Chemist: 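Input: one structure, supplied below.
Side chains are part of it too, since the values below use all heavy atoms of this structure and drop only hydrogens, waters and symmetry mates. Here the structure is a predicted model, which is why all the values come from computation and not from measurement.
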Amino acid sequence: MNILVVIPARAGSQRVKNKNIRLVEKKPLFFWSYYYAKKLKTFFKQIQIVVSTDSLKIKRISKSLNISVVDRPKNLAGSKTSMHSAVSHLLKKIDKKNKFDFIVLLQPTSPIRKISWVIKGLKILDNNKNFDNLIHLNKLDKYIGKLQKKTWIPNFSSDTRSQDIKNQFEPSGCLFIYRRKNFENLKKFNMRSSYGFCTNDLKIVNIDYEEDFVLLDYYLKKNKLKTLINSI
């Protein structure tokens, strides 16, 4: 397999300022996705790691660590920019001949993940041609519903217990794997089928708010991030 690992780390953040360079265990947050990606080189010989960013500070830090960087234009670094647009831009810069087989997307804001997840995920896609993408999911044991003209309409009956909620999942944010083929074609991309990859051996934190850093710190008091990443 020829694998491209993309770490998207833009400068702006509306809810948590400069979250991608906030220190976690004395390292910038985005560094831990690079640390994880570097560990993958033990298992895959043909692998390239790239940080996509518009941040001068992230560029400087990346270059000091000898990490490859692709400059992301400001018009592709806003809060409303899709990840598809950002990765498509990167591919046009470094992969015009479609040499990569798979793209592994590691969002810095979900740093807790196991090496084995990528190994398993790539095998799943390689052995299941009906799936084009793989997305890591968390089981969601929550009561959800919708507001319709200010009326709360739950999805469950009033006697449903949280442990009885079945088949409800959300993206964890920690791992996305895509087939390289036809990635830039948005129409085809939106029609691609995704394999739902679920694990229950680690607590995942997806940092969207300030309190998520508190939660991450709580989880890391028991195990250091290096220990969690190195656990197969």
Side-chain angles (χ1 to χ4, degrees), residues 4-41 48-87 89-90 103-115 117-118 135-138 140 170-177 199 201-231:
L4 173 66
V5 178
V6 178
I7 302 171
R10 67 186 182 93
S13 177
Q14 292 183 327
R15 292 185 288 256
V16 182
K17 189 177 180 180
N18 297 322
K19 64 181 177 181
N20 284 323
I21 56 174
R22 282 274 291 269
L23 295 184
V24 174
E25 296 189 354
K26 300 181 181 180
K27 299 288 184 181
L29 180 62
F30 85 94
F31 165 84
W32 292 108
S33 289
Y34 168 69
Y35 179 85
Y36 178 93
K38 200 172 180 183
K39 291 293 178 180
L40 291 173
K41 289 189 172 184
Q48 183 174 339
I49 306 167
V50 180
V51 169
S52 168
T53 187
D54 62 317
S55 165
L56 291 175
K57 191 164 187 177
I58 291 176
K59 289 176 195 175
R60 286 197 297 267
I61 296 171
S62 297
K63 289 178 180 179
S64 71
L65 296 169
N66 202 27
I67 305 173
S68 296
V69 176
V70 169
D71 290 329
R72 195 193 307 186
K74 289 295 182 182
N75 66 309
L76 292 177
S79 59
K80 295 182 180 180
T81 301
S82 70
M83 197 56 64
H84 176 267
S85 298
V87 176
H89 166 264
L90 184 148
I103 302 163
V104 176
L105 182 71
L106 302 178
Q107 296 190 143
T109 48
S110 298
I112 299 178
R113 44 173 91 87
K114 283 189 174 183
I115 296 296
W117 294 354
V118 169
I135 180 170
H136 188 276
L137 301 173
N138 281 335
L140 195 62
E170 64 175 353
S172 70
C174 74
L175 178 62
F176 303 85
I177 304 177
T199 59
D201 47 351
L202 282 181
K203 292 286 188 181
I204 307 299
V205 179
N206 191 4
I207 298 174
D208 280 325
Y209 300 95
E210 193 66 44
E211 54 264 33
D212 294 324
F213 275 108
V214 177
L215 183 60
L216 177 63
D217 183 63
Y218 173 77
Y219 286 150
L220 296 183
K221 287 187 184 303
K222 184 176 181 181
N223 289 298
K224 296 295 183 183
L225 199 45
K226 282 187 179 181
T227 302
L228 295 174
I229 290 172
N230 289 325
S231 59

Chemist: Drop me the distance from K203's NZ to L216's CG, to the nearest 0.5 angstrom.
Modeler: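 Between K203 NZ and L216 CG, I get 14.0 Å after rounding to 0.5 Å.
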Chemist: Report the C-alpha separation of D208 and V16 in whole Å, then their side-chain angles, then the decisive distance to 0.1 Å, and conclude whether the side-chain contact (heavy atoms from CB on, under 4.5 Å) test is met.
Modeler: CA-CA 7 Å; D208 280 325; V16 182; over 6 Å; no
Chemist: Taking the side chain as everything from C-beta on, heavy atoms only, tell me whether W117 gets closer than 4.5 Å to D201.
Modeler: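 Yes, side chains in contact.
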Chemist: Between S33 and R113, is the side chain to side chain donor-acceptor pair (under 3.5 Å) condition met? List the steps.
Modeler: CA-CA 9 Å; S33 289; R113 44 173 91 87; 3.1 Å; yes
Chemist: So, do R10 and I58 sit near enough that their side-chain heavy atoms are less than 4.5 Å apart?
Modeler: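 They are not in contact (no side-chain heavy atoms under 4.5 Å apart), so the answer is no.
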Chemist: Angle between ring planes, W32 versus Y35, binned at 30° and 60°: parallel, tilted or perpendicular?
Modeler: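 Plane angle over 60°, so perpendicular.
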Chemist: Could you measure the distance from the CD1 atom of I49 to the OG atom of S62? Nearest 0.5 Å is fine.
Modeler: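 I49 CD1 to S62 OG: 11.5 Å, rounded to 0.5 Å.
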Chemist: When you look at NZ of K59, are more than 12 heavy atoms from neighbouring residues, nucleotides or ligands closer to it than 6.0 Å?
Modeler: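 More than 12 within 6.0 Å, yes.
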Chemist: With heavy-atom distances below 4.5 Å as the criterion, would you say the side chains of V6 and V70 are in contact?
Modeler: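 Heavy-atom side-chain distance check fails, nothing below 4.5 Å.
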Chemist: Between the main-chain N or O of I207 and the side-chain N or O of K19, is there a donor-acceptor pair closer than 3.5 Å?
Modeler: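 Answer holds: yes.
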Chemist: State, yes or no, whether a side-chain contact exists between V5 and Y34 at a heavy-atom distance under 4.5 Å.
Modeler: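 Heavy-atom side-chain distance check fails, nothing below 4.5 Å.
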Chemist: Quick one: does R72's side chain have a donor or acceptor within less than 3.5 Å of a partner on S52's backbone?
Modeler: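 Looks like yes, one N/O pair under 3.5 Å.
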